[in-house]
Amino acid sequence: MTEPVFETLAVVGPGLIGSSVLRRVREFPGLARRTIAVDIDPAVCARVQELGIADEVTTDAAEAAAQADCVLLCVPAGAMGHVAASVLPAMKPGAILSEVGSVKVSVIEAIMPYLRPDIAYVPVHPMAGTEFSGPDAGFATLFEDRWCLLTPLEDTPHEAIEATLTFWERCGSRLREMTPAHHDRVCAIVSHLPHLLAFTICGTADDLADETRSEVLDFAASGFRDFTRIAASDPIMWRDIFLLNRKALLEMLARFTEDAQAMARAIRWADEEYIVDRIERGRKIRKSLIQNRQA
């Protein structure tokens, strides 16, 4: 039988990602022998207990951290520093602190002031998700064949990195290491900007005159429906991501705006060659995603 990576894993924030981790541990051996789910909301704790996806459920993050070999923070990016400050003093020497934030530079800066020298900190970002949230939204196969990006610090112990890599590999993830700054630039274009555009397009549709707005909602084609799926994502989580990764996001938004204006000029002047070239480039990217098993 495969030995578990961790004896006790504490998951703080059993939402989509956190509850999916808990379900994975439940259904697949070799991840953790025991799990503790933590949430400040008693209603969430009660639901996790009803679902039976954790061995223990508590609202006391420090109490859970004191028992854990790994504490995994699955809270909104803006809350990472505050939650880390509450769990780090209680953690066992030699334990691992990890978090699944979609932004890395700002989250690392928020956590570092509270980090103890006897605790290894391994930031990760499993690039998997849906538009749903809460403990009911998770499922054990969420991470299969999806990328999990690790952004370890220069002085992170090798053993902690290896344990984290093994954990996410057993979750079914494909793994890649990169620097925090590079992570934030990559995610700004492949994740954060598309969400910004989806929220904005839905806002534009909502601001249309009543009659036109009704027709938009009645006759929404697949393209608009795809945007609304993305726009259904948790607003607090995405508020934090936009603000914490503002530098990289604004850079990518500026580049996109220039490209959108170039397309507008091509349409205005009937530049068929430019329009076809842009569409063909989009088709190639879509084919690449399918070939890479990411679509």
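Put simply, the side chain of E177 does not reach to within 4.5 Å of the side chain of H183, judged on heavy atoms. A 4.5 Å side-chain heavy-atom check between V38 and V71 finds every atom pair outside the cut-off. When side chains are defined from C-beta on, M80 does not count as touching D240, because their heavy atoms never get closer than 4.5 Å. Put simply, the side chain of R278 reaches to within 4.5 Å of the side chain of D259, judged on heavy atoms. Residues L51 and R23 have side chains in contact (heavy-atom distance under 4.5 Å, counting atoms from C-beta outward). Considering only heavy atoms from C-beta on, I17 comes within 4.5 Å of P126 through its side chain. With a 4.5 Å cut-off on side-chain heavy atoms, E56 and Q67 count as touching.
When the side chains of ILVMFWY residues are joined at heavy-atom separations under 4.5 Å, either directly or via intervening members, V103 and M127 end up in a single hydrophobic cluster. Under the 4.5 Å side-chain heavy-atom criterion for Ile, Leu, Val, Met, Phe, Trp and Tyr, V75 and V44 are members of distinct hydrophobic clusters. Side-chain heavy atoms closer than 4.5 Å link hydrophobic residues (I, L, V, M, F, W, Y) into clusters, and following such links, possibly through other members, connects V48 to L16. Following chains of ILVMFWY side-chain contacts shorter than 4.5 Å, one cannot reach I161 starting from L149, and the two form parts of different hydrophobic clusters. Transitive grouping of hydrophobic side chains (ILVMFWY, heavy atoms separated by less than 4.5 Å) keeps F143 and W147 in distinct clusters.
Without hydrogens or angle criteria, S173 side chain to E169 main chain gives no donor-acceptor distance under 3.5 Å. A donor-acceptor pair is defined here as one N or O able to donate and one able to accept, closer than 3.5 Å; such a pair exists between the side chain of D184 and the backbone of V105. Under a 3.5 Å cut-off, the side chain of S98 and the backbone N or O of V122 do form a donor-acceptor pair. Using a distance-only test at 3.5 Å, with no hydrogens or angles considered, a donor-acceptor pair links the side chain of R246 to the main chain of L243. A distance-only check finds a donor-acceptor pair linking the side chain of D69 to the backbone of T8 [under 3.5 Å].
Checked for salt-bridge contact, R26 and D55 meet the test: a charged N lies under 4.0 Å from a carboxylate O. For the pair E50 and R47, the salt-bridge criterion is met [side-chain N within less than 4.0 Å of a carboxylate O].
Annotation: I189, atom CD1; neighbour count of heavy atoms from other residues, nucleotides and ligands within 6.0 Å is above 12. Around atom CZ of R255, no more than 12 heavy atoms belonging to other residues, nucleotides or ligands sit under 6.0 Å away.
To the nearest 0.5 angstrom, I96 atom CD1 is 9.5 Å from E159 atom CD. With rounding to the nearest 0.5 Å, the separation of CE in M91 from SG in C70 is 7.0 Å. Between atom CD of residue E258 and atom CG of residue L253 there is a gap of 10.5 Å, rounded to the nearest 0.5 Å. Atoms CG and CG, from D277 and D271 in turn, are 9.5 Å apart once rounded to the nearest 0.5 Å. Within the model, atoms OH of Y274 and CH2 of W269 stand 16.0 Å from one another, a figure rounded to the nearest 0.5 Å. A distance of 9.5 Å separates CZ of F256 from CG of L196, quoted to the nearest 0.5 Å.
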| task | Apply the test side-chain contact (heavy atoms from CB on, under 4.5 Å) to residues V100 and W168: give CA-CA distance (whole Å), side-chain angles for both, the deciding distance (0.1 Å), then the verdict. | result | CA-CA 11 Å; V100 299; W168 286 101; 4.2 Å; yes
| task | Tell me, with the steps shown, if L31 and C171 meet side-chain contact (heavy atoms from CB on, under 4.5 Å). | result | CA-CA 8 Å; L31 289 166; C171 282; 4.1 Å; yes
| field | Steps toward side-chain contact (heavy atoms from CB on, under 4.5 Å) verdict (K247, R185) | value | CA-CA 9 Å; K247 182 179 179 181; R185 282 178 55 80; over 6 Å; no
| task | I would like to know whether R24 and S20 meet side-chain hydrogen bond (donor to acceptor under 3.5 Å, both in side chains); could you show each step before the answer? | result | CA-CA 6 Å; R24 186 79 183 187; S20 293; over 6 Å; no
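Inspection of the R170 and T166 side chains reveals no N or O donor paired with an N or O acceptor under 3.5 Å.
Across every non-hydrogen atom of P123 and E99, the tightest pair is CB-OE2, 3.2 Å. Residues L9 and A32 share a closest heavy-atom pair of CB-CB, 3.9 Å. Annotation for P152 and T156: closest pair C-OG1, 3.9 Å, computed over non-hydrogen atoms. Residues K92 and A68 approach most closely at CE-O, 3.2 Å, considering heavy atoms. Minimum heavy-atom separation, D39 to G13: OD2-CA, 3.9 Å. Scanning all heavy atoms of the two residues, the minimum distance from R116 to P93 falls at NH2-N, 3.8 Å.
Among the candidates L150, T151, L175, the single residue satisfying the side-chain contact (heavy atoms from CB on, under 4.5 Å) test with V124 is L150. Results of the side-chain contact (heavy atoms from CB on, under 4.5 Å) test with L249 over I241, L193, L244 single out L193 as the only residue that passes.
Ring orientation note: the planes of F6 and F167 are tilted relative to one another, at an angle of 30° to 60°.
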